[in-house]
Trainee: 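Take a look at this one; I'll ask things after.
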Amino acid sequence: MAFGKGCHLHLIDGSAFIFRAYHALPPLTRKSDGLPIGAVSGFCNMLQRYVEGNAGSDVTHVAVIFDKGSHTFRNDLYDLYKANRDEMPEDLRPQIPLTRRATEAFNIACKEIENYEADDIIATLACQAREAGGRVTIISSDKDLMQLVGDGVVMLDAMKNKVIDVEGVEEKFGVGPDRVVDVQALAGDSVDNVPGAPGIGIKTAALLINEYGSLEELLDRAEDIKQPKRRQTLIDHREQIELSKKLVQLDCETPLDFTLDDLEVREPEPDTLLGFLAEMEFRTISKRIADRLGVEPPVVPEPTPDADAPDRPEAPAIDPEAYECVADAATLQVWIDRIRARGHVAIDTETTGLNEMLCDLVGISLAVEPGQACYIPLAHRAEAEDDLFGSDAMAEGQMDMEEALGMLQPVLADDSILKIGQNLKYDMKVLSRYGCQFASIDDTMLLSYALNAGLHNHGMDALSERYLSHRPIEIKSLLGTGKSQKTFDRVPLADAVKYAAEDADITLRLWQTFRPQLHQTRVTTVYETLERPLIPVLAQMERTGIKVDRDTLSRMSNAFSQKMAGLEEEIYGLAGRKFNVGSPKQLGEILFDEMSLSMPDGKAPKKGKTGAYGTGADVLEDLATLHDLPRRILDWRQLSKLKSTYTDALQEHINPDTGRVHTSYSQAGANTGRLASTDPNLQNIPVRSEEGRRIREAFVAEEGKVLVSLDYSQIELRILAHVAGIEALRDAFRDGQDIHAATASEMFGVPLDEMTPDVRRQAKAINFGVIYGISGFGLARNLRIPRDEAQGFIDRYFERFPGIRTYMDETVAFAKEHGFVQTLFGRKIHTPEINAKGPGAGFARRAAINAPIQGTAADVIRRAMIRMPDAIAELPARMLLQVHDELLFEVDEDAADRLTEVAREVMEQASLPAVRFSIPMIVDAGTGSSWAAAH
DNA sequence: GTCATCACG
DNA sequence: GACGTACGTGATGACC
């Protein structure tokens, strides 16, 4: 088909794909010869995802465009163009030609022109396509290409899956696509080393261009500019600005040795594509593509097996039809014999819900070998016709639950048989309510977490897709969604077998994938000392729960309601009309449009992606100096938060059987090694405000018992002082000084006995800022001081504690080289974005600085928790909650002191013997009948 | 489902 | 020299 009206051209920015692929993946090598192929692998995955995503779309033509040659006409204009680019990494260079071959293997046009940048080729093609009456989508997030948008041309940020149209360009540059180059010419570009006008950024540039209409007009009338500095800059740098425009202006006249018609979409040739993938030794993606094309996957020769790795035959494809339904004792016995012979089993339970404390067991699935899995239905309901509520009768063809569990119990408790699960804590909690105990376990979710924290999530669906190239049957397809959703016991047996047994099969395969990687990646110790042993500890804590007094909450809730109603009346009076106080959108319109309040600092009030006014607490706090309304809103919001999230919601979570609240800890949720608490979140119960703290009065001990709270004092700062080797801080900690006051004293030279609360407050903010990867901007905002003043503090801090800067620099350098950072206990946290360019790099940098500190603290308290059950076994005490640096216990009144002593010792010594801190870890303790009193 | 907001360490 | 920025989480209500 000749390109013309109705055609849709996709132009993929090949270099962007390559770099993203390179940075997103660990440095993989081809097994047979060590050729680096990480970027090629990622590139192929991205192409494959692109192809899958566009199946059935209206795209008629497509090309991947690459740069070629390092010298372009822009270098003739300006020899420093792109002169500040880092050298291409050593292991990426040989992969570049392979990405061209990959593109061709996918049968996608692959185009480059000697001494032209990809951007110019893209520009030329986009212009041609537009003139021919077709539509164009440029797949890239490079802002240099935004000048092309409009008239049927859009960009697609594949990363965020976001279309950038004329509006998107205006959001980014403050001007339409036709004036983007003018703004760029003024603002310059540090990435490409385009000089621009000194002191003028995008914001100012857009302002000027909008005022004068065009760059040429602006330069000609530069004398008219009011601000003297700006005027002088534009007059002095006119040539440089005009040069910059030539540099950023894309060339729509690139001589091409092909036409649009050559870019027609073509189906890949299976042999060519799979041949290439086999040559690269990409097993996973080969399989996936072969599946799609409906052909046999190519045989990729196995590398010579390691001496200590068992020689494993290639696993059969995942086939839900092949699973067995176990309906009688004799069949179950056959499976148990297989398990005993094998020494391990993957296990998964099916239940009526997600809450382990409330749901009922429905069935159990087992897998012993890849492809060899079964499902034991135990409590499925009979299918009843035209019965809206379903029948209460049991379905035929199921084993008696007691009999089945009786047979399985010895297997689960046998420590010579390894039980493998995906998030096994869930299954352990459910089955423990049926009298089953577990010994000897492995968890694929935690294996993945120990290996790959920071790279991706660790849910089974994601892992299966990523590592097995298999998309598991969706639970939705069995249960439906929304109102008509049914529970698993209503799923027909035949469907249940496929779904449930597949989960066990996948779990087993994941285990086979991950387990050998532990040693290679050197995280065996992390997994075996920080992850696996925590499972039963958390399971026990969650099952124990904490007593919450419903009446207390209910009384508070009513009190909040009344106060809110009063505030609402006041608010309506101040605003002049009724509105939804809970709607930030309506509030913003009232404050800024109807009442025309302006920010005290003179800044424009608008912000936010959706274009709505920001009405966050910081904004309202500032506005409170001008008007009474913002303060009332703040008060109302505080009450609303406390009522809806705590006093109301918490009551819903009180378990009717136990009268207690049972949270669920997610062990692989936070990248740094911290736990996360959900359903409900008991790690964010209010404490900072007086009103909020009263919520903790509802968390109480049973009659005759008390709650004991122990928390690490300043653990993250101590760890920072240790890893950065800051002697002044170390000495202050050793002497038991007030660390923020000591910091202030060091920084400002104020003697401790003359310290004012305000100076101490500032030092405290800096101390915390450092842990978070400080910036002048962030500190300024936090302290509400001018930015240069904040920067002055930071400079002085680094001057006084040079070790901190060294630590930060070394940590970032380590992350850039290895793609991860580590805690003192060896936990790895991957930082895939660290080498990215753009604003994402800042985030990644700060996260990389923070992760070893936050992660080490998380490791310390994990170690304490793991040792705690044995340490307190003889005491009438139970561990209830963990809140990052705090552990909460419930103990018989008369044993509180002994518990405090024992638990404190465990916590303070938790790092030993693996790590000996140069600074003492100090644990503060409190006791009381409620959490409020114990804290 | 996403965004804004706000609770915690 | 400008850009956009504090680190890590989860729950809620509004709004599309």
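Below, chain A is the first sequence line, B the second, and so on; all start at residue 1.
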Trainee: So what does A:A649 touch, heavy atoms closer than 4.0 Å: a base, only the sugar-phosphate, or nothing?
Mentor: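 Sugar-phosphate, no base atom in range.
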Trainee: Does C:dG13 have OP1 or OP2 sitting under 4.0 Å from an N or O in the side chain of A:S583?
Mentor: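 Looking at the OP1 and OP2 atoms of C:dG13, neither is under 4.0 Å from any side-chain N or O of A:S583.
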Trainee: Quick check on contacts: within residues 635-648 of chain A, what sits under 4.0 Å from DNA chain C by heavy-atom distance?
Mentor: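 Here the set is A:K641, A:S644, A:T645.
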Trainee: Counting the atoms with a prime plus P, OP1 and OP2 as sugar-phosphate, which does A:G776 contact under 4.0 Å by heavy atoms, base, sugar-phosphate, or nothing?
Mentor: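 A:G776: no heavy atom of the nucleic acid under 4.0 Å.
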Trainee: Sequence neighbours left out, what passes side chain to side chain donor-acceptor pair (under 3.5 Å) with A:K425? Give chain and number order.
Mentor: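 With sequence neighbours excluded, A:K425 shows a side chain to side chain donor-acceptor pair (under 3.5 Å) to A:E542, given in chain and number order.
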Trainee: Going by the rule ring pair (Phe, Tyr, Trp, His ring centres under 6.0 Å), which residues pair with A:F699 if we only count those two or more places apart in sequence or in a different chain?
Mentor: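 Scan of A:F699 (ring pair (Phe, Tyr, Trp, His ring centres under 6.0 Å), adjacent residues dropped) gives A:W931.
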Trainee: Looking at B:dA4, C:dT9, C:dG8, which one has an atom nearest to any side-chain atom of A:P584?
Mentor: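 Between B:dA4, C:dT9, C:dG8, the one nearest the side chain of A:P584 would be B:dA4.
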Trainee: Scan A:T672, A:T823, A:N671 and name whichever one has a side-chain hydrogen bond (donor to acceptor under 3.5 Å, both in side chains) with A:Q854.
Mentor: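 The option that passes is A:T672.
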Trainee: So, A:K563 and A:E691, do they make that salt bridge, N to O below 4.0 Å?
Mentor: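 Yes.
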Trainee: Mind jotting down which residue pairs meet the salt bridge (charged side-chain N to carboxylate O under 4.0 Å, His left out) criterion with at least one end in residues 629-653 of chain A? Sequence neighbours excluded, please.
Mentor: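 Passing the test, one end in residues 629-653 of chain A: A:E570-A:R632, A:E621-A:R631, A:K643-A:D648.
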Trainee: I need the CG-C1' distance between A:D192 and C:dA2, as an integer number of Å.
Mentor: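 From A:D192 CG to C:dA2 C1': 15 Å.
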Trainee: In whole angstrom, give me the gap between the P atoms of C:dA6 and B:dC6.
Mentor: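 Each nucleotide's P atom is 15 Å from the other's.
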Trainee: Can you check the A:Q651 CD to C:dT12 P distance for me, whole Å?
Mentor: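 So the two atoms are 13 Å apart, to the nearest Å.
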Trainee: On a plain distance test, is the side chain of A:R787 in donor-acceptor contact with the base of C:dG4 below 3.5 Å?
Mentor: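 Side chain to base: pair present.
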Trainee: Considering every strand and a 4.0 Å limit on heavy-atom distances, what is the contact class for A:A617: base, sugar-phosphate, or nothing?
Mentor: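 Sugar-phosphate, backbone atoms only, no base.
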Trainee: Using atom CD1 of A:I633 as one end and atom P of C:dA14 as the other, report the distance to the nearest whole Å.
Mentor: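 Spelled out: CD1 on A:I633 to P on C:dA14 is 13 Å.
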Trainee: Scan A:D679 against the nucleic acid and name what it touches under 4.0 Å (heavy atoms): base, sugar-phosphate only, or nothing.
Mentor: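 If one applies the 4.0 Å heavy-atom cut-off, A:D679 turns out to touch the sugar-phosphate alone, with no base involved.
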Trainee: Starting the side chain at C-beta, find the nucleotide from C:dG8, C:dC7, C:dC15 nearest to A:F843.
Mentor: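 From the listed options, C:dC7 comes nearest.
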Trainee: Over all strands shown, is A:G773 touching base, sugar-phosphate only, or nothing at heavy-atom distances under 4.0 angstrom?
Mentor: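 Touches nothing.
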Trainee: Checking A:Y797 now: which residues fulfil ring pair (Phe, Tyr, Trp, His ring centres under 6.0 Å) with it, not counting sequence neighbours?
Mentor: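 For A:Y797 the ring pair (Phe, Tyr, Trp, His ring centres under 6.0 Å) partners, ignoring immediate neighbours, are A:F801.
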Trainee: Using whole Å, what does the distance between atom P of nucleotide C:dG10 and atom CG of A:N681 come to?
Mentor: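 It works out to 7 Å between those atoms.
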Trainee: What's the closest nucleotide to the side chain of A:Q586 if the choices are C:dA6, C:dG8, C:dC15?
Mentor: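 When the side chain of A:Q586 is considered, C:dC15 is the closest of C:dA6, C:dG8, C:dC15.
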Trainee: In dot-bracket, 5' to 3', how would DNA chain C read with Watson-Crick or G-U wobble pairs under 3.5 Å, [ ] for crossing ones and | for pairs to another strand?
Mentor: ......|||||||||.
Trainee: Check whether any side-chain N or O of A:S677 sits under 4.0 Å from OP1 or OP2 of C:dT9, and answer yes or no.
Mentor: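 No, because none of the side-chain N or O atoms of A:S677 sits under 4.0 Å from OP1 or OP2 of C:dT9.
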Trainee: So A:L779, base contact, sugar-phosphate only, or nothing? Heavy-atom distance under 4.0 Å.
Mentor: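 Touches a base.
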Trainee: Give one of base, sugar-phosphate or nothing for A:G199, where a contact means two heavy atoms less than 4.0 Å apart.
Mentor: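 Sugar-phosphate only.
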Trainee: Heavy atoms only, 4.0 Å cut-off, all strands: where does A:A765 land among base, sugar-phosphate and nothing?
Mentor: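 If one applies the 4.0 Å heavy-atom cut-off, A:A765 turns out to touch a base.
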Trainee: Give one of base, sugar-phosphate or nothing for A:I774, where a contact means two heavy atoms less than 4.0 Å apart.
Mentor: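 The answer is base, as A:I774 lies within the cut-off (heavy atoms under 4.0 Å) of a base atom.
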Trainee: Return the value, rounded to whole Å, for the distance between atom CZ of A:F173 and atom C1' of C:dA2.
Mentor: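 From A:F173 CZ to C:dA2 C1': 13 Å.
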Trainee: Please report, rounded to the nearest Å, how far the C1' atom of C:dG1 is from the CG atom of A:L186.
Mentor: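 These atoms are roughly 15 Å apart.
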Trainee: Who passes ring pair (Phe, Tyr, Trp, His ring centres under 6.0 Å) against A:F793, sequence neighbours left out?
Mentor: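 Per chain and number, A:F793 pairs via ring pair (Phe, Tyr, Trp, His ring centres under 6.0 Å) with A:F748.
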Trainee: For C:dA6, does OP1 or OP2 lie under 4.0 Å from any side-chain N or O of A:R846?
Mentor: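 For C:dA6, neither OP1 nor OP2 has a side-chain N or O of A:R846 closer than 4.0 Å.
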Trainee: May I ask you to check whether over 12 heavy atoms, not counting those of A:N457, lie within 6.0 Å of atom CG?
Mentor: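 At most 12 heavy atoms, drawn from other residues, nucleotides or ligands, come within 6.0 Å of this atom.
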Trainee: Roughly, in whole Å, what's the span from CD in A:Q184 to P in C:dG1?
Mentor: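 So the two atoms are 21 Å apart, to the nearest Å.
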Trainee: A:G842 near the nucleic acid: base, sugar-phosphate alone, or nothing, with a heavy-atom cut-off under 4.0 Å?
Mentor: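 Nothing, no heavy atom under 4.0 Å.
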Trainee: A:E810 and A:R805: salt bridge (charged side-chain N to carboxylate O under 4.0 Å, His left out), yes or no, with the steps?
Mentor: CA-CA 8 Å; A:E810 283 174 357; A:R805 159 143 313 147; over 6 Å; no
Trainee: Under the ring pair (Phe, Tyr, Trp, His ring centres under 6.0 Å) rule, collect the residues that match up with A:H722, sequence neighbours excluded.
Mentor: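 Counting only residues at least two positions away or on another chain, A:H722 forms a ring pair (Phe, Tyr, Trp, His ring centres under 6.0 Å) with A:F917.
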Trainee: Measuring only the P atom in each nucleotide, how far is B:dA4 from C:dT5? A whole number of Å is fine.
Mentor: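 Those two atoms are separated by 12 Å.
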Trainee: Tell me, which pairs form a side-chain hydrogen bond (donor to acceptor under 3.5 Å, both in side chains) where one or both residues lie in residues 193-205 of chain A, sequence neighbours left out?
Mentor: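 Checked against side-chain hydrogen bond (donor to acceptor under 3.5 Å, both in side chains) - neighbours excluded - no pair reaches residues 193-205 of chain A.
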Trainee: Could you say whether A:P680 or A:N782 is positioned toward the 5' end of DNA chain C, judged by the nucleotide with the nearest heavy atom to each?
Mentor: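 Per heavy-atom nearest nucleotide, the more 5' residue is A:N782.
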Trainee: Does A:L80 have more than 12 heavy atoms from other residues, nucleotides or ligands lying within 6.0 Å of its CG?
Mentor: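 More than 12 heavy atoms, drawn from other residues, nucleotides or ligands, come within 6.0 Å of this atom.
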Trainee: On the nucleotide C:dT5, are OP1 or OP2 found under 4.0 Å from the side-chain N or O atoms that A:R781 carries?
Mentor: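 It does not, given that no N or O in the side chain of A:R781 lies less than 4.0 Å from OP1 or OP2 of C:dT5.
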Trainee: What parts of residues 684-697 of chain A reach DNA chain B, counting only heavy atoms under 4.0 Å away?
Mentor: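 Listed by number, they are A:N684, A:I685, A:P686, A:V687, A:R688.
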Trainee: In terms of the nearest nucleotide of DNA chain C, which residue is placed more toward the 5' end: A:T204 or A:G778?
Mentor: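 Going by which nucleotide is closer to the 5' end, it is A:T204.
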Trainee: Please list every donor-acceptor pair under 3.5 Å in which a side-chain atom of residues 768-789 of chain A meets a protein atom from a residue at least two apart or in another chain.
Mentor:
from, atom 1, to, atom 2, distance (Å)
A:S775, OG, A:G778, N, 3.0
A:R784, NH1, A:D622, OD1, 2.4

Trainee: What pairs with A:E239 under salt bridge (Lys or Arg N to Asp or Glu O under 4.0 Å), at least two apart in sequence or on another chain?
Mentor: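 Partners of A:E239 by the salt bridge (Lys or Arg N to Asp or Glu O under 4.0 Å) criterion come out as none, since no residue qualifies.
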Trainee: Provide, to the nearest angstrom, the distance between the CD atom belonging to A:E589 and the P atom belonging to B:dA4.
Mentor: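 In whole Å, B:dA4 P and A:E589 CD are 14 Å from each other.
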